[in-house]
Amino acid sequence: MIKDLLRRSQHRVIATLISYIQQIGKGDFRPNFVAVTRDSDSTLVPLIDALEEMRKNLSSTYHNLTLRGAEYETLLSSMQQGVIAVDAEERIIKLNSAAARFLNLTDMHARGRSIVEAFHHAGLERFVRAVLKSNSFSETELVFVMQEREFIVQASAQPLALDNSGKRGAVVVLHDISRLKRLEELRKEFVSNVSHELKTPITSIKGSVETLLDGAYRNPADALKFLEMIARHTDRLDKLIESILSLARLESEAKVDAHNFEEFKIDDIFQSVQQICRDRALARGIQLELTCPPELMLQADRMLVEQALVNLVNNAIDYSDPRGVIQLLAISEDDEIILSVKDNGIGIESKHLPRIFERFYRVDQARDRKSGGTGLGLAIVKHICQVHGGYPSVESVPGKGSTFKIHMPRHYF
Ligand code: ADP
């Protein structure tokens with residue numbers, strides 16, 4: 001009778017334990033105190049203890065895995081690079097949001113679909129297929145179009161072991177390198193422009209020296225002519241190299257250290273610019289007029305501001321008819337100090353204005369090079385404005401004249 005009771009009670013506990021194990025099997029790791037009540041039957045206590053131990057271990061492993069999965073998801077979705085994982089059957093198993101953007105898809109739509117269905121990008125499809133076939137690291141450059149803009153993307157892929165079957169998928173990383181490519185193009189263009197600009201004076205100097213050596217030095221008039229030509233072109237080389245160096249210096253510092261700025265009267269700077277440019281202006285019968293409130297101050301790198309104004313005034317002299325007037329004006333407007341240089345010279349057609357501050361941009365290559373300029377003057381002005389947190393602007397009417405302005409922020413600190 002007692003034995004019977006005991007067996008029945010054991011059965012009840014075992015049945016409860018089975019349902020507890022089923023609960024854990026479904027991923028519910030909450031402790032079940034009813035099930036693990038220890039005073040039911042001493043013979044079952046070791047089993048209950050072992051079960052409790054297993055529940056705790058499983059619970060903590062599950063918790064850690066969930067946490068790691070969330071970390072991995074956050075990492076993938078915050079990556080700038082697109083990441084796509086495909087299995088050996090060319091089906092997408094993972095795709096982060098950057099990759100979905102490149103492919104104009106949503107993660108939901110892509111998962112489980114084949115690359116032919118999902119990609120709509122023949123180049124990427126071919127690339128992934130080749131990687132799956134070769135089973136080795138590969139790299140290529142692809143062009144993507146997003147919102148009507150072209151992006152150059154570096155795609156690199158690694159084989160991916162997914163199970164023990166020996167079949168391998170692949171993980172592809174897409175890295176947008178459009179900006180790097182553009183910079184590379186600009187650098188190439190700059191080097192080619194510099195070489196071209198240097199070649200012109202060097203060819204002339206070389207030609208003159210050869211002519212002198214061939215006997216022209218014996219005739220004093222010829223000798224003088226060729227020496228003057230050499231002097232002119234050496235001067236040009238000197239100016240060009242000086243401009244390239246100052247541009248490189250300005251570009252190497254995105255913003256000059258504001259703590260090195262001095263506060264000075266703009267009127268003082270106008271006076272020194274007038275002095276520097278006086279001879280050149282006089283030689284062409286051009287007048288310089290200065291208008292500046294006597295107490296108007298600017299906090300800036302004085303030498304750089306002076307250099308920018310000299311560049312603008314020299315241009316105004318070069319591109320004005322003789323006997324013109326050039327006005328330098330300083331005003332304070334809202335949060336800006338505006339320094340302007342106004343001429344009544346040849347002016348610039350509006351189609352050139354958006355590119356006028358680019359390095360080596362000239363309205364008329366042949367004519368403007370003859371004027372002795374380097375094609376870098378306005379690029380230097382732009383950079384001087386930028387390192388102060390300011391910007392340049394220009395208004396111009398062909399045949400009437402131009403006004404170049406330097407806009408400087410009034411407060412730095
Ligand atoms: P450059 O050394 O050739 O003068 P800049 O960078 O200073 O080079 O100027 C670029 C081009 O802008 C010049 O070649 C010229 O065509 C045009 N330009 C600059 N300033 C003036 C101006 N005040 N009037 C008319 N054209 C100008």
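Remember, it's 1-based here, ligands and their atoms both numbered in the order they're listed.
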Is [X] close to ligand 1, meaning an N/O of one under 3.5 Å from an N/O of the other?
X	answer
Val363	yes
Thr374	yes
Ala379	no
Ile356	no

List ligand 1 atoms under 4.0 Å from [X], heavy atoms only on the residue side.
X	value
Phe404	20 (N), 21 (C), 22 (C), 23 (N)
Gly377	5 (P), 6 (O), 7 (O)
Leu378	5 (P), 6 (O), 7 (O), 9 (O), 10 (C), 12 (O), 19 (C)
Ser402	24 (N)
Tyr361	10 (C), 11 (C)

Task: Close side-chain approach of Arg236 to Leu240, heavy-atom, < 4.5 Å - done: no
- [ ] Taking the side chain as every heavy atom from C-beta outward, state whether Ile337 and Leu296 have any pair of such atoms under 4.5 Å apart.
- [x] yes
Open item on the list: With ring-ring contact (aromatic ring centres under 6.0 Å, His included) as the rule and sequence neighbours excluded, what pairs involving residues 294-313 come up?
Closed with: none
Task: Listed once per pair and sorted, the ring-ring contact (aromatic ring centres under 6.0 Å, His included) pairs that draw on residues 49-106, sequence neighbours left out - done: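 Qualifying pairs, neighbours excluded: Phe29-Tyr62, Phe102-Phe144.
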Minimal non-hydrogen separation, [X] against [Y], with atom names:
X	Y	answer
Leu378	Phe357	O-CD2, 3.5 Å
Tyr20	Leu51	CD2-CD2, 3.5 Å
Asp334	Arg410	O-NH2, 2.5 Å

Open item on the list: Please classify the Asp343 to ligand 1 contact at 4.0 Å (heavy-atom distances, strictly less than): side chain, backbone, both or neither.
Closed with: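 Side chain only.
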- [ ] Using a 4.0 Å heavy-atom threshold (strictly under), name the region of Ile348 that reaches ligand 1: side chain, backbone, both or neither.
- [x]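 For Ile348, the contact with ligand 1 is made by the side chain alone.
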Open item on the list: Any heavy atom of Gly375 closer to ligand 1 than 4.0 angstrom?
Closed with: yes
Open item on the list: Just verifying a value: how many Å separate Glu71 CD and Asn64 CG, rounded to the nearest 0.5 Å?
Closed with: 9.5 Å
